[in-house]
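If you're wondering where the values come from, they're calculated on a predicted model, not measured in any experiment. This chain uses plain numbering: 1 for the first residue, then up along the sequence. Order of appearance sets the numbers: ligands from 1, and atoms from 1 within every ligand.
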Amino acid sequence: MKKRFLTSLGVLTFIISAFAAKPALAAGDDLGNAANNYQLYCSMCHGRDGDGKGQLAETLEVPPRNHTDAAYMSKRTDEQLFKTISEGGEATGFNSAMPAHKTILHEDEIHGMVKYLRQLCNCKHTS
Ligand code: HEC
């Protein structure tokens, strides 16, 4: 019994260190933990790759935005994206299914998330 406990403790330590050892983001970019946060807080709707096809997508009235759509995403400013993530869809004229994250994510993390979205679309604001 004790041995089994120790084994599971070992496995747990392994799992935790595997996560902790995840390649740190390249020095100089300030994405922070955005990629992980995206998987935790956004992927169920927006999809693991940001294509808008998350597991919950079909249950929503309005499809979650496809963050890999450069044509669309380049029309949005970073400020607009920040505000929608922070205050939720309703605050910016989008569907209320898009939740507010300001109580979950720190301001810096939301800035990091905007940068991460720019990576997903491989685009910046142009028009
Ligand atoms: C419960 C599902 C759900 C979750 C979770 C969710 N979203 Fe959304 N999101 C939506 C929906 C639905 C829309 C589309 C609203 C519309 O088009 O009216 C949307 C729209 C957006 C937009 C579009 C804003 C624009 O300017 O076009 C952004 C950016 C966005 N989400 C980012 C995120 C990020 C980042 C997260 C995680 C921190 C997240 N969302 C989590 C459902 C979700």
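In this structure, NE2 on H46 lies 15.0 Å from OH on Y41, to the nearest 0.5 angstrom. If you take OG1 on T77 and CZ on F82, they are separated by 11.5 Å, rounding to the nearest 0.5 Å. Separation of atoms CG (L117) and OG1 (T84) is listed at 10.0 Å; rounding is to 0.5 Å. In this structure, Y72 OH and R65 CZ are separated by 3.5 Å, a value rounded to the nearest 0.5 Å.
The shortest heavy-atom contact between M73 and N66 is CG-O, 4.2 Å.
N95 is linked by a side-chain contact (heavy atoms from CB on, under 4.5 Å) to E61, V62, A97, counting only residues two or more places apart in sequence or in another chain.
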When you pair each N or O of ligand 1 with protein N or O atoms, which pairs come out under 3.5 Å?
from, atom 1, to, atom 2, distance (Å)
ligand 1, 7 (N), H46, NE2, 2.8
ligand 1, 9 (N), H46, NE2, 2.9
ligand 1, 17 (O), R65, NH2, 3.1
ligand 1, 18 (O), N95, N, 2.7
ligand 1, 26 (O), R76, NE, 2.5
ligand 1, 26 (O), R76, NH2, 3.0
ligand 1, 27 (O), Y72, OH, 2.4
ligand 1, 31 (N), H46, NE2, 2.9
ligand 1, 40 (N), H46, NE2, 2.7

